[in-house]
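Below is one structure, written out as structure tokens, with a few remarks after it.
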Amino acid sequence: MKIMLDMTPKTITERKSLRVNPAKTCQPVGAMYAALGVHRCMPHSHGSQGCCSYHRTFLSRHFKEPAIATTSSFSEGACVFGGGSNLKKAVKNIFDIYNPDIIAVHTTCLSETIGDDLNALIRELEIPQGKLVIHTNTPSYKGSHVTGFGNMMAGFINYLSEKSAVSNGKIGIFPGFVNPGDMHELKRMAKSMGVKYIMFPDTDGTMNTPITGDYQMYPKGGTTIDEIRQLGGAKHILALGELTSMIPAMEIKKKCDVDSTALPYPIGVEATDKFLMSLSKLSGKAITEELEEERGQLLDIMVDSHAYYGDKRVAISGDPDTVLGLAAFCLELGMKPKYMLTGTPDEKFTKLAKEMLLKYGVTDCIAKANADLFELHQLMKNEAVDLLIGGTHCKQIAKAEDVPFVRAGFPIMDRYVHSYMPLVGYRGAMRLAELMGNALMDRQDRDAEDKDLEMVM
Amino acid sequence: MKIMLDMTPKTITERKSLRVNPAKTCQPVGAMYAALGVHRCMPHSHGSQGCCSYHRTFLSRHFKEPAIATTSSFSEGACVFGGGSNLKKAVKNIFDIYNPDIIAVHTTCLSETIGDDLNALIRELEIPQGKLVIHTNTPSYKGSHVTGFGNMMAGFINYLSEKSAVSNGKIGIFPGFVNPGDMHELKRMAKSMGVKYIMFPDTDGTMNTPITGDYQMYPKGGTTIDEIRQLGGAKHILALGELTSMIPAMEIKKKCDVDSTALPYPIGVEATDKFLMSLSKLSGKAITEELEEERGQLLDIMVDSHAYYGDKRVAISGDPDTVLGLAAFCLELGMKPKYMLTGTPDEKFTKLAKEMLLKYGVTDCIAKANADLFELHQLMKNEAVDLLIGGTHCKQIAKAEDVPFVRAGFPIMDRYVHSYMPLVGYRGAMRLAELMGNALMDRQDRDAEDKDLEMVM
Amino acid sequence: MDAREAVLDKYSGRVFKNRKDHIVELDEAGVPKEIASNSRSVPGLMINRGCCYAGCKGVVLGPLRDTVVITHGPIGCGYYTWGTRRNKADAPDGRNFIQYSFSTDMQETDIVFGGMKKLHQAIKEAVEIFQPKAVMICSTCPIGLIGDDINAVAATAEKEFGITCIAYSCEGYKGVSQSAGHHIANNGLMKRVIGSAKDEIPKEKKTFRLNILGEYNIGGDGWEQERILKKIGYEVVAVLTGDGSYEALTHAHTANLNLVQCHRSINYIAEMMKTKYNIDWIKVNFIGIDETIRTLREIADYFDDETIKKRTEEVIAEELEEIAEEREFYRNKLTGKTAGIFVGGSRSHHYQHLLMDFGVKTVIAGYEFAHRDDYEGREVIPDIKLDADSKNIEQITVEPDQQLFHVALDKARFDELRKKNVELEYYKGMFKDMGDGTITIDDFNHYETEKVLEIFKPDIFYSGIKDKYMIMKKGVPSNQLHSYDYSGPYACFKGSITFARNTYLSISTPAWNMMTPPWRTKSTLEGTLGDENYA
Amino acid sequence: MDAREAVLDKYSGRVFKNRKDHIVELDEAGVPKEIASNSRSVPGLMINRGCCYAGCKGVVLGPLRDTVVITHGPIGCGYYTWGTRRNKADAPDGRNFIQYSFSTDMQETDIVFGGMKKLHQAIKEAVEIFQPKAVMICSTCPIGLIGDDINAVAATAEKEFGITCIAYSCEGYKGVSQSAGHHIANNGLMKRVIGSAKDEIPKEKKTFRLNILGEYNIGGDGWEQERILKKIGYEVVAVLTGDGSYEALTHAHTANLNLVQCHRSINYIAEMMKTKYNIDWIKVNFIGIDETIRTLREIADYFDDETIKKRTEEVIAEELEEIAEEREFYRNKLTGKTAGIFVGGSRSHHYQHLLMDFGVKTVIAGYEFAHRDDYEGREVIPDIKLDADSKNIEQITVEPDQQLFHVALDKARFDELRKKNVELEYYKGMFKDMGDGTITIDDFNHYETEKVLEIFKPDIFYSGIKDKYMIMKKGVPSNQLHSYDYSGPYACFKGSITFARNTYLSISTPAWNMMTPPWRTKSTLEGTLGDENYA
């Protein structure tokens with residue numbers, strides 16, 4: 001029988017060199033996304049123009065929003081003589097024509113391999129009064145898009161954040177590589193408590209903008225340059241995503257001696273508890289009744305619907321902190337993660353996954369970093385699951401194996417609205433519970449014989 | 001071939017007397033729901049104990065929450081001698097044992113047929129100091145649960161609302177027969193604008209309560225008795241649901257000379273615009289940037305995803321104002337309502353439906369009040385649709401006809417989380433767009449040949 | 001203050017006087033206790049009982065799949081009994097009315113001017129559109145008051161449309177609970193349906209033909225019982241009424257033995273079939289592993305056939321083998337837990353055995369609408385005084401049908417079986433299996449449920465949907481034993497595992513450990529700030 | 001200030017000097033204009049162009065379904081070209097690699113120490129796991145710099161694994177756009193694949209064997225063309241490269257005629273096959289109803305066969321009949337609208353015809369990576385001066401293959417066809433179909449797109465995903481002509497209706513009328529308060 005992904009054999013053979021159906025992409029696109037979370041910032045890709053084109057496309061496909069960015073448009077000559085001249089022209093043109101307040105340059109595998117010294121190149125630029133150019137190094141052959149996201153944040157901090165003798169009392173929140181809807185929800189929770197914070201980066205207001213008939217190249221959202229400066233005087237940083245936000249957290253310590261606390265993405269009950277308690281401890285503000293009520297509502301839902309999740313085996317693929325967060329909530333719902341896979345090569349993922357699984361006594365879950373979807377598919381062919389959670393690229397596996405599929409994480413290229421909606425916080429967990437519950441119950445209904453279709457569930 | 005609802009013939013024959021698979025239920029359950037939206041109130045069913053049992057069950061199945069209510073437990077003797085004695089005993093016991101602040105009595109077909117004079121019976125009760133007993137008449141053989149909801153509101157107003165020479169400046173909001181999640185969203189919008197309002201009734205906080213290990217028979221939510229009193233001095237009432245809220249709107253006019261404006265449920269763009277503009281006009285408060293931004297985001301989503309809705313034929317079944325609201329948003333998305341059916345017998349529904357359809361140039365939609373799901377199914381057998389929207393009872397039709405199905409309205413007995421989430425407001429419309437979009441796109445994916453399964457959509 | 005007193009403590013005056021006799025503490029197994037039951041509920045107490053209509057249409061008649069059951073009255077009652085009871089049915093020919101709800105949807109004018117014409121027209125439409133095997137009519141509260149003669153309408157329709165048409169005057173206010181409705185439904189079925197095909201009784205000595213009475217196939221329980229019985233070699237003539245059919249019921253008189261699963265709802269028919277057709281009945285219980293084994297052996301014993309006995313043991317062994325591993329797993333997980341059970345008729349008794357199979361002790365149990373015999377055993381029946389509410393329910397008497405009379409079981413064999421505690425023409429009731437300080441409540445209410453939860457702190461509490469969410473808000477896992485929480489079957493061997501699994505999942509779902517926000521137990525100032533620090 | 005000046009107004013200095021020659025206003029149809037194209041983009045301008053790799057792997061090689069195409073480089077490039085271009089493929093035997101992405105996922109150590117070993121190992125693994133018909137290797141930016149000899153690796157692998165293995169040095173920085181990649185891919189296919197089966201040319205006089213060149217089967221366009229062509233009586237030997245296969249390409253030399261759909265991406269192969277095999281090519285256009293008719297008639301004319309000609313007219317009539325009603329409907333809805341089209345190679349030209357079928361006038365058009373001939377017609381080719389970037393792209397020359405040489409078309413017939421404007425060995429370019437104040441922009445950028453939208457206010461603007469959301473934020477409907485907004489096919493008769501329908505839905509979706517909140521145009525104090533008042 002001819003089926004989807006028919007060339008994937010069940011037998012798993014070791015692959016040392018061939019990557020098939022990756023579960024990660026390259027650093028620059030993460031850097032571009034981070035830069036889009038800064039107010040009046042133009043992300044700039046220093047390399048061939050294909051990179052910039054691909055990254056803008058990737059982001060537009062997920063967010064259904066314009067993803068502005070420029071490129072140094074390397075030609076063969078630039079490879080020989082270095083990209084300095086292209087950067088210089090580009091920066092001049094960008095300020096002339098698109099007039100951002102800041103240009104955030106990230107490198108590519110090309111400019112990295114050439115060895116362009118961005119520090120030097122930027123020092124030599126003529127930058128208009130009041131404007132800024134900063135950069136980060138994002139070699140595509142190291143880490144993944146998640147690494148690039150952190151590196152770009154570190155670039156901003158390195159250039160802009162100012163060490164301060166006295167704390168400005170604000171809490172820095174690094175939201176991690178999440179959706180505008182998540183950042184919005186993180187801010188709502190902080191606002192509910194009256195916490196003074198700086199969210200960095202912040203794509204809520206830049207990558208989920210209204211349509212009005214009047215296109216704004218720089219919408220009113222995004223972390224302001226001033227806020228990034230002030231991060232250097234923050235009281236403390238909550239660095240969400242124990243892998244994602246590590247690089248900028250180390251940078252802000254190094255540059256401005258601001259301490260950070262690493263927290264998991266606040267997905268599910270305990271991780272959200274941790275986030276709120278940390279906010280509360282640092283700010284001295286109480287966790288509000290409103291939030292406590294949402295927590296109780298979430299638990300109410302979890303208790304009410306537990307039978308539909310209990311012992312269900314789940315495969316989760318995506319970015320490392322997202323997979324960890326989703327798995328944590330699945331465990332809280334009584335589900336059993338069977339596969340936890342990320343493409344990002346970072347063994348810390350495996351360590352954290354194992355700790356979490358151990359806590360819930362789950363011993364037969366395969367947790368792997370530096371993995372790909374071809375492997376996930378092969379694993380699923382050998383031992384099936386009840387639910388698959390991941391980005392759009394998993395849909396073929398879901399179809400091939402006829403497994404219920406919940407879209408969560410990056411990228412979701414084949415559905416709408418997701419980027420406006422949170423997965424973080426208690427409200428986000430309610431949404432996740434609904435998505436997973438519906439997927440499982442829809443399947444139960446689909447597979448039910450007519451005599452077994454239930455009117456009440 | 002044996003299929004779901006196999007006894008439903010395609011040929012439609014006229015039925016004058018036989019109701020098959022109803023799309024409505026009886027008044028008392030609506031009255032019970034309305035009373036559950038009042039703080040420290042015990043709904044009381046004056047009739048046989050089966051009514052109360054069924055109604056509590058119905059509400060618990062939809063909300064996954066306790067639905068408290070007591071009954072007069074009519075026996076055959078009560079039918080002969082009248083229910084006064086039962087009511088008297090009941091009221092005493094309720095105050096003794098369950099200690100509410102107010103008992104809200106509604107009648108049933110039994111006590112109505114007997115002819116119990118509730119005004120007289122209540123006048124004769126010994127009511128503890130500071131406690132209240134009110135009532136409404138909800139004969140099950142008139143209207144539907146929607147009518148009962150309005151009647152119970154009118155009962156509260158009739159007993160409690162106090163006419164005032166000077167306005168207290170508050171806007172009364174009658175939310176209609178909607179979910180706690182909707183009421184929460186209505187309040188959020190009003191709060192965002194700084195409008196002083198009284199929401200009546202308000203099940204946000206009574207029918208979506210947290211789990212804490214400590215059961216509260218009377219949770220902190222619900223409209224307070226004092227607020228219902230103050231409704232009589234309200235500046236104006238926004239009566240949402242042009243059919244649902246008509247009865248209480250007329251009652252508050254009659255009792256306290258407070259004017260009301262009838263508005264459709266704020267489902268979709270224009271209806272939400274109307275609601276906010278009315279709030280703004282009445283309160284003098286501006287519509288906030290936050291809300292305007294949500295509106296723009298909603299429209300952005302609608303534009304981005306229009307191709308998946310465009311020209312899709314949709315069947316909508318449910319309560320009259322809900323069907324009108326859902327149809328309005330479907331039309332705004334470019335969909336074509338093909339059937340709009342409600343079980344509630346009220347020709348105003350048909351009139352409003354036709355006006356709305358005319359505005360969008362849709363001429364082949366069958367809009368019917370006093371209809372049932374058997375008829376809907378027969379219609380769908382004759383001319384198919386692309387999407388079915390309604391409560392759980394539609395699921396068999398969806399399975400029988402293999403039509404994508406979105407659950408919205410009452411009752412949803414076979415899924416979780418829905419009652420916490422809004423359909424009203426711009427955020428509610430985003431959720432609806434996601435639900436409908438996913439249903440349509442999931443179907444496209446399901447039916448796609450492998451070669452046509454799209455990675456980007 | 002013992003538990004019973006603590007529960008009653010809040011009540012004063014008339015309520016105390018009423019309720020005190022409905023609550024019984026069972027100190028020691030075997031000591032007989034009397035309980036008040038099957039009497040009017042106290043108005044204003046938030047009870048779980050339904051009405052007569054619910055017992056007649058909702059429980060007994062609803063499951064008949066080939067019959068159009070028209071609810072005659074306003075829309076509500078027909079609506080609420082539509083697809084909500086999980087009495088599954090599967091019509092091989094697709095003629096399945098279980099998915100439908102039929103009603104006359106009475107309007108105000110019908111109440112004023114009478115609904116007989118409307119009912120007649122509704123029957124006409126039902127027959128024309130659906131061509132069912134039979135039409136049944138169930139009236140709701142106002143019908144009795146306005147004086148619609150539904151029997152007359154049914155008789156006319158039967159003649160006019162040439163189809164069996166039976167009316168049930170099961171108005172909601174009749175009796176004190178669903179129980180009245182069971183009785184009315186039983187009467188109607190006995191009078192008009194059971195045995196109406198009048199086919200001859202097979203005369204061969206050895207036939208193993210059974211009816212299962214009081215099995216409504218909730219979650220497929222009946223199917224599981226049929227599977228086991230057929231595997232052993234029995235023929236199931238009719239099930240009353242789970243996945244049942246009018247058609248099968250007309251032949252029910254040809255069975256050799258009636259198995260009574262739910263004693264409360266169907267004992268009337270068992271007795272009447274004994275009188276009319278001399279069919280013996282035994283009280284069975286397919287809920288619980290040991291109970292299923294006991295039941296199967298007793299049925300085999302009844303027929304006293306070596307092949308059947310051998311096959312019975314083989315099937316028991318096979319089934320036990322299949323569940324052995326999971327049984328052990330869940331027994332380990334559940335042993336030592338305690339439970340409460342508040343449900344309708346017989347389940348509060350049946351499920352105690354199933355729980356015991358997994359080491360769970362039932363410390364609280366109660367019936368919603370049982371009679372004294374369901375608690376104390378049928379020996380108390382002669383002592384039960386009927387009150388006015390029960391007297392109003394028609395009692396029918398049947399006469400032996402000499403033509404269709406079965407050969408009697410040998411008297412000596414009967415006595416022998418009884419001596420072996422086979423519940424032949426007998427039900428022992430729930431009390432005999434309880435004791436040890438456990439408590440039983442008849443017609444339990446919301447307040448009492450809260451109270452016993454606080455006193456006994458059970459690990460899980462089985463009740464219905466109206467209680468469920470209240471119980472869980474109190475932090476106690478709660479599963480519905482009316483609807484099996486949309487799972488099942490729970491009957492027989494495999495069903496016991498499904499039940500144990502659901503119970504285990506409900507008790508162990510992680511959410512229970514997270515109910516209290518951590519900041520309520522430890523100050524956020526002492527809270528850990530993540531496991532690691534980048535600083 | 002005319003439109004062109006308005007667009008250029010913001011530019012100063014070098015940018016102005018560069019861009020002014022890329023923007024052309026076409027006053028009058030038929031007046032030749034020169035446009036600068038296929039030159040380096042200005043750094044910092046937000047352009048829509050991709051890179052050489054995108055043209056080679058993304059466009060030309062990616063659609064081959066039976067071939068494992070390994071991207072040699074870091075993970076990104078392989079990832080972005082995975083499942084995103086909608087070049088549909090359907091392998092009857094399930095051997096379909098279209099759903100897969102293969103890469104060497106180069107790491108830092110590979111960059112430092114070279115990636116040849118890794119590539120070799122990757123090929124080994126690909127062959128062992130997937131057993132493809134062929135392996136192709138496409139290198140990305142760093143590969144050229146670190147000096148991996150991918151041709152050597154390919155040659156070794158070919159020998160070692162006994163499978164065709166072809167390397168393409170299509171590093172992203174080569175050339176100025178995707179265009180360089182097309183050329184590199186074309187060269188590789190010509191050198192190693194096309195005709196490699198070396199099967200004899202059928203000698204019978206009358207065979208109607210076609211290749212379709214430059215058709216990538218986006219949204220199934222190629223399938224629709226094949227359906228029509230087969231219906232008429234043609235045989236399609238190979239499609240380059242939509243739903244294409246290595247296998248079919250090896251036999252492509254046996255076709256009698258090459259149809260060139262996308263001139264830009266594939267004209268190299270058309271020319272080389274003419275030289276090597278003497279296969280004539282004609283520029284066709286299956287986009288648009290009238291264009292499809294014209295194309296079908298010209299192909300029939302080329303073969304000059306009465307049966308084919310007759311069948312052509314029959315098929316045209318049939319297809320027209322099928323779409324007549326909808327064509328009329330959408331023409332009524334769309335007539336008078338204006339459009340802009342900014343897309344890659346030939347579509348900005350092709351779609352103008354399709355739009356005209358429905359009465360929509362294209363007022364702005366631009367190519368992303370076209371050459372002068374795509375604008376001005378092939379007659380300007382001799383005048384085109386190659387700049388350094390283009391010179392770096394390998395030019396290969398092929399020699400006539402005497403054994404596989406086709407019989408030449410009669411010279412007189414050739415001239416006759418050319419006289420009838422059949423584009424035999426010719427493409428007229430886009431300009432000849434424009435004029436009347438419309439504007440053309442080469443290598444359009446974000447700023448210019450915004451600007452022309454403001455000036456021309458078109459009713460719809462066709463572009464790609466990078467522009468789409470910006471355009472719509474400005475209130476202008478925008479559909480993607482790279483991916484057809486996940487719809488299609490748009491080709492031929494039925495496709496035209498699908499296109500018209502999508503266009504109509506995009507223009508008419510009600511949301512456009514609601515963009516401005518009503519309180520922005522009328523004070524809420526004047527706002528109507530509902531239609532009715534209960535007061």
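Chain naming here is simple, since letters A, B, ... match the order of the sequence lines and numbering starts at 1 in each.
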### Message
Quick one, Glu128(C) with Thr13(B), criterion side-chain contact (heavy atoms from CB on, under 4.5 Å). Give me CA distance, side-chain angles, the key distance, then yes/no.
### Response
CA-CA 9 Å; Glu128(C) 285 171 2; Thr13(B) 47; over 6 Å; no
### Query
Between Tyr79(C) and Tyr54(B), is a side-chain contact (heavy atoms from CB on, under 4.5 Å) present by the stated rule, with each step listed?
CA-CA 10 Å; Tyr79(C) 180 88; Tyr54(B) 282 138; over 6 Å; no
### Message
One pair to check against salt bridge (charged side-chain N to carboxylate O under 4.0 Å, His left out): Lys174(C) and Glu76(B). What are the steps and the verdict?
### Response
CA-CA 6 Å; Lys174(C) 287 190 174 163; Glu76(B) 213 150 348; 5.2 Å; no
### Query
Would Phe130(C) and Val20(B) satisfy side-chain contact (heavy atoms from CB on, under 4.5 Å), going step by step from the backbone distance to the final call?
CA-CA 11 Å; Phe130(C) 300 106; Val20(B) 187; 4.1 Å; yes
### Criterion salt bridge (charged side-chain N to carboxylate O under 4.0 Å, His left out) on Lys24(B) and Asp105(C), from CA distance to verdict
CA-CA 10 Å; Lys24(B) 66 168 178 186; Asp105(C) 189 8; 2.9 Å; yes
### Task
Please step through side-chain hydrogen bond (donor to acceptor under 3.5 Å, both in side chains) for the pair Tyr141(B) and Thr109(C), ending with a clear verdict.
CA-CA 9 Å; Tyr141(B) 42 75; Thr109(C) 47; over 6 Å; no
### Task
Could you please spell out the steps behind the side-chain contact (heavy atoms from CB on, under 4.5 Å) verdict for Tyr173(C) and Ser75(B)?
CA-CA 5 Å; Tyr173(C) 54 76; Ser75(B) 63; over 6 Å; no
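Using a 4.5 Å cut-off between heavy atoms, Val176(C) touches chain B through its backbone atoms (N, CA, C, O) alone. Thr8(B) touches chain C through backbone and side chain together, each having a heavy atom under 4.5 Å away. Proximity to chain C involves both the backbone and the side chain of Ile68(B), based on heavy atoms less than 4.5 angstrom apart. No part of Phe63(B) comes within reach of chain C, as not one of its non-hydrogen atoms sits under 4.5 angstrom from that chain. Residue Leu59(B) does not touch chain C at all, counting heavy-atom pairs closer than 4.5 Å. Contacts of Ser45(B) with chain C are absent, with no heavy-atom separation under 4.5 Å from either backbone or side chain. Using a 4.5 Å cut-off between heavy atoms, Arg520(C) does not touch chain B at all. Using a 4.5 Å cut-off between heavy atoms, Arg40(C) touches chain B through its side chain atoms alone. For a residue to count as touching a neighbouring chain, one of its non-hydrogen atoms must lie under 4.5 Å from one of that chain's; by this rule Asp214(B) touches chain C with the backbone only. No part of Phe95(B) comes within reach of chain C, as not one of its non-hydrogen atoms sits under 4.5 angstrom from that chain. Asp389(C) touches chain B through its side chain: at least one heavy atom from C-beta onward sits under 4.5 Å away, while N, CA, C and O do not.
Lys466(C) and Ser53(B) share a donor-acceptor pair across their side chains, judged by distance under 3.5 Å alone. No side-chain donor-acceptor contact under 3.5 Å links Tyr53(C) and Ser48(B).
Annotation: side chain of Thr104(C) is not in contact with side chain of Leu18(B) (no heavy-atom distance under 4.5 Å). Between Ile47(C) and Gln49(B), some side-chain heavy-atom pair lies under the 4.5 Å cut-off. Taking the side chain as every heavy atom from C-beta outward, Ser12(C) and Asp96(B) approach each other to under 4.5 Å. The closest side-chain heavy-atom distance from Lys89(B) to Val42(C) is not below 4.5 Å. Contact annotation: the side chain of Asn48(C) approaches that of Arg56(B) to within less than 4.5 Å [non-hydrogen atoms, C-beta and beyond]. Residues Ile97(B) and Leu45(C) are in side-chain contact: their nearest non-hydrogen atoms beyond the backbone lie under 4.5 Å apart. Counting heavy atoms from C-beta outward, Ile465(C) and Arg61(B) have side chains that approach closer than 4.5 Å. Looking at heavy atoms from C-beta onward, Thr25(B) lies out of side-chain contact with Trp82(C) at the 4.5 angstrom threshold.
The distance between the ring centers of His446(C) and Tyr215(B) falls below 6.0 angstrom.
Met7(B) CE to Phe97(C) CZ: the interatomic distance, rounded to the nearest 0.5 Å, is 4.0 Å. Atom OG of Ser17(B) is separated from atom CD of Glu125(C) by 5.0 Å, given to the nearest 0.5 angstrom. Atom-to-atom distance recorded for Ser60(B):OG and Gln480(C):CD is 9.0 Å, nearest 0.5 angstrom. Here Thr212(B) contributes atom OG1 and Lys474(C) contributes atom NZ; the two are 10.0 Å apart, rounded to the nearest 0.5 Å. Leu5(B) CG to Gln99(C) CD: the interatomic distance, rounded to the nearest 0.5 Å, is 5.0 Å. Here the straight-line distance linking atom CG of Asn445(C) with atom OG1 of Thr70(B) works out to 11.5 Å at 0.5 Å rounding.
Counting heavy-atom pairs under 4.5 Å between each of Lys88(B), Glu14(B), His55(B) and chain C puts His55(B) at the top. Between chain C and the residues Pro210(B), Gly143(B), Pro345(B), the largest count of heavy-atom pairs under 4.5 Å involves Pro210(B). Chain C forms the most heavy-atom pairs under 4.5 Å with one residue out of Leu110(B), Asp414(B), Ile94(B), Val91(B), and that residue is Leu110(B). Counting heavy-atom pairs closer than 4.5 Å to chain B, the top residue among Lys124(C), Glu171(C), Glu450(C) is Glu450(C). Taking chain C as the reference chain and counting heavy-atom pairs below 4.5 Å, the highest number among Thr113(B), Asn21(B), Val29(B) is found for Asn21(B). Taking chain C as the reference chain and counting heavy-atom pairs below 4.5 Å, the highest number among Gly50(B), Cys109(B), Gly213(B) is found for Gly213(B). Ranking Pro9(B), Ala78(B), Pro22(B) against chain C, the residue ahead of the rest is Pro22(B), based on heavy-atom pairs under 4.5 Å.
The two residues Tyr416(B) and Tyr486(C) make their nearest non-hydrogen contact at OH-CE1, 4.3 Å.
Within 6.0 Å of NZ in Lys118(C) there are more than 12 heavy atoms belonging to other residues, nucleotides or ligands.
No side-chain donor-acceptor contact under 3.5 Å links Asn93(B) to the backbone of Gly44(C). Judged by distance alone, with hydrogens and angles left aside, the side-chain atoms of Gln121(C) form no donor-acceptor pair with the main-chain N or O of Lys16(B) at under 3.5 Å.
Looking at Lys142(B) and Glu108(C), a side-chain N of the basic residue comes within less than 4.0 Å of a carboxylate O on the acidic one, giving a salt bridge.
Each of Gln216(B), Met217(B), Glu65(B) was compared with Lys473(C) under the side chain to side chain contact (heavy atoms under 4.5 Å, CB included) criterion, and only Glu65(B) meets it.
Classified by interplanar angle (parallel below 30°, tilted 30° to 60°, perpendicular above 60°), the ring pair Tyr80(C)/Phe58(B) is perpendicular.
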